[in-house]
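Let me begin by presenting the structure, written as structure tokens, before commenting on it.
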Amino acid sequence: MTKLQTISALLGAAALSALVSSMPAKADEALDKLKAQGFARIAIANEPPFTAVKADGSVSGAGPDVARAVFKKLGVNDVVASISEYGAMIPGLQAGRHDVVTAGLFMKPERCNAVSYSEPILCDAEAFLVKKGNPKGFKSYQDIAKDEKATIGAPGGGTEERLALEAGVPRERVIVVPDGQSGLKMLQDGRIDTYSLPVLSINDLVKKANDPNIEVIAPVQGAPVYCDGAAFRKGDTALRDEFDKVLAEMKKSGEFAKIVEPYGFSAEAALSTTRDKLCAAK
């Protein structure tokens with residue numbers, strides 16, 4: 001072999017080594033690393049009910065609880081959290097300071113380009129508060145528009161007011177409500193047929209009201225749904241896929257709902273959309 005051939009061979013080997021090191025890790029390799037570590041390092045924002053740090057320092061909230069359950073099924077015993085500002089989460093993930101972000105980091109196209117999201121986990125969608133049994137059968141804002149006598153309460157200038165008007169509900173049948181307690185009382189008194197707010201806000205009202213004569217319809221059909229997912233590094237898509245498999249099993253079995261619904265989230269909202277749809281949304 002000539003000197004030139006030797007140099008060429010060495011350069012080729014170096015290039016191959018660099019290529020291999022930059023290739024995504026296999027799922028079992030990434031899992032083995034987390035198993036050996038004994039935990040997955042997660043980034044959170046300490047923003048209940050998405051994420052929370054208890055007085056004793058332990059991490060809770062809907063996002064970490066789902067991640068903990070999934071990772072346990074994958075053989076990783078626990079999660080260890082570090083609090084981060086939202087703007088620093090993806091850079092921290094990319095720099096290797098976190099293994100995954102589970103913090104209510106809603107999917108947006110620009111974020112989807114930077115990380116590998118799991119399928120939806122925590123969603124905030126629109127909801128209706130109605131009388132028990134949903135006597136008028138409301139499932140969408142369009143249903144309210146079609147009922148010539150139906151009225152809807154909504155915050156003035158809020159998303160719900162806009163969605164009702166865009167769906168064709170006449171201005172005079174969209175009742176501006178100053179706050180949640182007022183909306184609840186107006187529904188209970190029969191002054192409006194439904195009250196609309198995001199799922200988390202409606203569920204909080206219902207929990208505090210403790211009224212068996214009302215119920216929540218969520219998510220509202222045709223209304224926007226905003227969801228987060230567990231965010232992995234782009235090179236960890238295989239690990240993300242393994243996470244997704246377990247997450248899908250938990251959604252199907254009902255275990256997922258048992259984790260997120262006590263926090264006020266709608267499991268049905270997470271089932272109503274997909275990562276692909278959310279990442280493609282404008």
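Just so it is clear, the values below take in all heavy atoms, side chains as well, and ignore hydrogens, waters and symmetry mates.
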Margin query: Does N210, at its CG atom, have more than 12 non-hydrogen atoms belonging to other residues, nucleotides or ligands within less than 6.0 Å?
Written below: no

dist K277:NZ -> C227:SG (nearest 0.5 Å) comes out at 11.0 Å

message = Show, in sequence, the C-alpha distance, side-chain angles and deciding distance for S60 and Y263, and conclude whether the side chain to side chain contact (heavy atoms under 4.5 Å, CB included) test is met.
response = CA-CA 11 Å; S60 185; Y263 285 102; 2.9 Å; yes

Rounding to 0.5 Å, atoms CE (M89) and OG1 (T102) come to a distance of 8.5 Å

- Are M107 and V199 grouped together when hydrophobic residues (ILVMFWY) are joined by side-chain heavy atoms under 4.5 angstrom apart? no

Within the structure provided, determine whether F256 and V66 are in side-chain contact (heavy-atom separation under 4.5 Å).
yes

Test side chain to side chain contact (heavy atoms under 4.5 Å, CB included) on D244 and R275; report intermediate values, then the result.
CA-CA 11 Å; D244 269 344; R275 171 180 58 239; 2.9 Å; yes

Problem - Other residues, nucleotides, ligands: >12 heavy atoms within 6.0 Å of K251 NZ - result: yes

Check your understanding: Could D65 and R68 be called an ion pair, given the rule that one side-chain N must be under 4.0 Å from one carboxylate O?
Key -> yes

In terms of heavy-atom contacts, A52 and P48 come closest through CB-CG, 4.1 Å

In terms of heavy-atom contacts, A270 and P120 come closest through O-CB, 3.8 Å

Quick check on E110: does its CD atom have over 12 non-hydrogen neighbours (other residues, nucleotides or ligands) under 6.0 Å away?
yes

- Is the number of heavy atoms from other residues, nucleotides or ligands under 6.0 Å of E85 CD greater than 12? no

Heavy-atom nearest pair, T51 first then A103, reads CG2-CA, 3.7 Å

So, the side chain of R240 versus the backbone of Y117: is there a donor-acceptor pair under 3.5 Å, distance only?
yes

In terms of side-chain geometry, is the basic nitrogen of K245 or D241 positioned less than 4.0 Å from the acidic oxygen of its partner?
no

State yes or no: are the ring centers of F71 and F243 separated by less than 6.0 Å? yes

Across all chains, not counting sequence neighbours, the side-chain hydrogen bond (donor to acceptor under 3.5 Å, both in side chains) partners of T159 are none

Margin query: Membership question, hydrophobic clusters at under 4.5 Å side-chain separation (ILVMFWY): are V80 and L74 in the same one?
Written below: no

Are L31 and F39 linked, directly or through other ILVMFWY residues, by side chains that come within less than 4.5 angstrom of each other?
-> no

Is there a side-chain contact between K73 and E249 in this structure, where contact means two heavy atoms from C-beta onward sitting under 4.5 Å apart? no

One should read off an interatomic distance between F265 CZ and D124 CG, to the nearest 0.5 angstrom, of 7.0 Å

Donor-acceptor pair, E161 side chain versus G157 backbone, under 3.5 Å?
yes

### Query
Taking the side chain as C-beta and beyond, is there a heavy-atom pair between E160 and P198 under 4.5 Å?
yes

*asked:* Let's go through I90 and V101 carefully: what are the C-alpha distance in whole Å and the side-chain angles of both, what is the deciding distance for side chain to side chain contact (heavy atoms under 4.5 Å, CB included) to 0.1 Å, and is it a yes or a no?
replied: CA-CA 8 Å; I90 290 178; V101 176; 5.7 Å; no

Decide whether I121 and F50 are clustered together by the hydrophobic rule: side chain heavy atoms of Ile, Leu, Val, Met, Phe, Trp, Tyr closer than 4.5 Å, transitively. yes

Between the OG atom in S266 and the CG atom in L271, the distance rounded to the nearest 0.5 Å is 8.0 Å

request  = Quick one: do D56 and S58 satisfy side chain to side chain donor-acceptor pair (under 3.5 Å)? Show the steps, please.
outcome  = CA-CA 6 Å; D56 62 2; S58 60; 2.6 Å; yes

Inset, instruction - Please examine the side chains of K132 and P212, heavy atoms only from C-beta on, and report whether any two atoms are closer than 4.5 Å. - result: no

Are Y226 and I202 connected, step by step, through hydrophobic side chains (Ile, Leu, Val, Met, Phe, Trp, Tyr) whose heavy atoms are closer than 4.5 Å?
no

Residues V216 and A127: closest non-hydrogen pair is CG1-CB, 4.1 Å

Closest non-hydrogen contact found for G183 with V177 is N-CG1, 3.2 Å

>> Is any side-chain heavy atom of R41 closer than 4.5 Å to one of L34?
In response: no

Taking every heavy atom of I44 against every heavy atom of P64, the minimum-distance pair comes out as CG2-CG, 4.0 Å

Report task. Give the intermediate values and the outcome of side chain to side chain contact (heavy atoms under 4.5 Å, CB included) for residues V79 and V100. Result -> CA-CA 10 Å; V79 295; V100 60; over 6 Å; no

Q. Hey, does K234 have a side-chain heavy atom less than 4.5 Å from the side chain of N113?
A. no

Using a 4.5 Å side-chain heavy-atom cut-off and chaining through intermediate ILVMFWY residues, the residues clustered with I144 come out as F128, V130, F138, Y141, I152, L163, L165, V169, V174, I217, V220

So OG1 of T194 and CD1 of I214: to nearest 0.5 Å the spacing works out to 11.0 Å

More than 12 heavy atoms from other groups under 6.0 Å of NZ on K139:
no

| query | Looking at R191 and D189, does any basic side-chain N land under 4.0 Å from a carboxylate oxygen? | reply | yes

Distance col, row E119:CD vs L278:CG, nearest 0.5 angstrom, shows 8.5 Å

